[in-house]
Structures are given as C-alpha cells and as structure tokens.
Amino acid sequence: KFPLIDSVTNTLNYTTIYMNAEYRTMEERLKLNWAANSTFGDNQRVLLNFGAQYDFLDYFSAQTQLNFYFNKKMYGVETITNDIIWSFILRANI
C-alpha cells in the first residue's frame, strides 16, 4: 500500500517472473551472467540484465552490468520511458 497526498491508500497488484543463468570459466575466475524478468499487473515491464565479473585475487574483483528496462505501464506515471543502466563495480572483500 502506498499513501497518496490526500492520505488515501491504494493497493498495487502485480506478479514478477524471474530467471537467470551463470557460466563460470577460466578456473572460475570469470563469471558471465544473464537474467530476465517480466512484471505483469498494475506495473508492467521487462528487465534484461547482462554481466561479467572477473576475480583478480581471492578478495578483489571487477564487475560490469548492463540493464535494459522496457517499461510498458507504471502506476501513477503518465509518460513511460525505457531505461538503460550500465554499472562498473570494483569489489574488495575484507
């Protein structure tokens, strides 16, 4: 439930289906991954995610992710746009 400005609450109904896969290579130092999900109901969109992670050391890695959001219907939003987000991540496990 989300409160609106006039203190009225609305209930959103939606369902998301998700699947993913990961392929490990180079003695498990390189991980390639893919994911997809689809949301139905009050919010409708498809998300595609592609990524790769390389472990330089046991405690240090670099990762990139590319996310495509194909938005069809979003609650309370009149103008719907699609989004692309590209991330670079350096990770140190301490």
Side-chain angles (χ1 to χ4, degrees):
K1 293 186 176 184
F2 294 92
L4 301 176
I5 294 172
D6 59 1
S7 299
V8 176
T9 58
N10 284 352
T11 301
L12 296 178
N13 295 307
Y14 59 91
T15 300
T16 300
I17 298 172
Y18 176 82
M19 67 179 136
N20 72 332
E22 181 176 84
Y23 178 74
R24 296 176 182 215
T25 186
M26 297 176 57
E27 298 177 359
E28 295 200 7
R29 286 194 161 293
L30 178 63
K31 300 173 190 87
L32 304 173
N33 56 62
W34 170 87
N37 74 45
S38 186
T39 302
F40 309 95
D42 291 333
N43 289 334
Q44 296 176 5
R45 76 169 163 198
V46 173
L47 165 63
L48 299 176
N49 172 285
F50 304 93
Q53 178 176 339
Y54 185 79
D55 296 331
F56 294 101
L57 302 168
D58 289 340
Y59 57 87
F60 183 72
S61 65
Q63 181 178 8
T64 185
Q65 294 178 335
L66 184 58
N67 298 296
F68 296 94
Y69 293 88
F70 301 102
N71 300 309
K72 185 174 181 184
K73 177 181 166 187
M74 301 299 285
Y75 179 80
V77 178
E78 292 181 21
T79 304
I80 304 298
T81 59
N82 296 323
D83 300 304
I84 298 173
I85 301 172
W86 192 359
S87 304
F88 294 97
I89 303 163
L90 291 176
R91 180 174 293 153
N93 298 327
I94 52 175

K.L.:
Find out whether Asn33 and Asn20 are in side-chain contact, i.e. whether some heavy atom of one side chain is under 4.5 Å from a heavy atom of the other.
P.N.:
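With C-beta onward as the side chain, the pair stays apart.
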K.L.:
Which pair of non-hydrogen atoms, one from Asn71 and one from Arg45, has the smallest distance, and what is that distance?
P.N.:
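What the structure gives for the nearest pair is OD1-CD, 3.1 Å.
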K.L.:
Quick one: closest heavy-atom pair of Gln65 and Ile89, and the distance?
P.N.:
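Of all heavy-atom pairs spanning Gln65 and Ile89, the closest is OE1-CD1, 4.3 Å.
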K.L.:
Would you mind reporting whether Ile84 and Asn82 have side-chain heavy atoms less than 4.5 Å apart?
P.N.:
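They are not in side-chain contact.
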K.L.:
Around Asn93, counting heavy atoms of other residues, nucleotides and ligands shown, do more than 12 lie under 6.0 Å from its CG?
P.N.:
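Correct, the count exceeds 12.
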K.L.:
For Tyr14, is the OH atom crowded, meaning more than 12 foreign heavy atoms sit under 6.0 Å from it?
P.N.:
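Incorrect, the count does not exceed 12.
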K.L.:
Output the distance between atom CD1 (Ile17) and atom CZ (Phe40), rounded to the nearest 0.5 Å.
P.N.:
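With rounding to 0.5 Å, CD1 (Ile17) is 4.5 Å from CZ (Phe40).
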K.L.:
Parallel, tilted or perpendicular: which one describes the rings of Phe50 and Phe68, with boundaries at 30° and 60°?
P.N.:
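The arrangement is perpendicular - the two ring planes meet at more than 60°.
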K.L.:
Which atom pair, heavy atoms only, marks the closest approach of Gly41 to Lys73?
P.N.:
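It is O-NZ, 3.8 Å.
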K.L.:
Can you give me the closest heavy-atom contact between Ala62 and Phe56, atom names plus distance?
P.N.:
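Looking at all heavy atoms of both residues, the shortest contact is CB-CE1, 3.5 Å.
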K.L.:
Measuring from Lys31:NZ to Thr25:OG1, what's the distance to the nearest 0.5 Å?
P.N.:
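So the NZ of Lys31 and the OG1 of Thr25 are separated by 11.5 Å.
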K.L.:
More than 12 heavy atoms of other residues, nucleotides or ligands under 6.0 Å from OH of Tyr18: is that the case?
P.N.:
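Yes, the 6.0 Å shell around OH holds more than 12 heavy atoms from other groups.
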K.L.:
For Phe88, check ring pair (Phe, Tyr, Trp, His ring centres under 6.0 Å) against everything at least two apart and list the hits.
P.N.:
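If we apply the ring pair (Phe, Tyr, Trp, His ring centres under 6.0 Å) test to Phe88, skipping adjacent residues, the hits are Trp86.
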K.L.:
With rounding to the nearest 0.5 Å, note down the distance linking CG in Asn49 to OH in Tyr69.
P.N.:
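Rounded to the nearest 0.5 Å, the CG-OH separation comes out at 7.5 Å.
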K.L.:
Do Trp34 and Met19 touch side chain to side chain, with heavy atoms closer than 4.5 Å?
P.N.:
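The answer is yes, as the side chains (C-beta and beyond) meet within the 4.5 Å cut-off.
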K.L.:
Are Val77 and Phe70 co-members of a hydrophobic cluster defined by side-chain heavy atoms under 4.5 Å apart?
P.N.:
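No, Phe70 and Val77 fall in different hydrophobic clusters.
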K.L.:
Between Leu90, Ile94, Asp55, which is the residue that forms a side-chain contact (heavy atoms from CB on, under 4.5 Å) with Phe60?
P.N.:
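One option only clears the test, and that one is Leu90.
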K.L.:
Measuring from atom CG of Asp42 to atom CE of Met74, what distance do you get when rounded to the nearest 0.5 angstrom?
P.N.:
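The CG atom of Asp42 sits 11.0 Å away from the CE atom of Met74.
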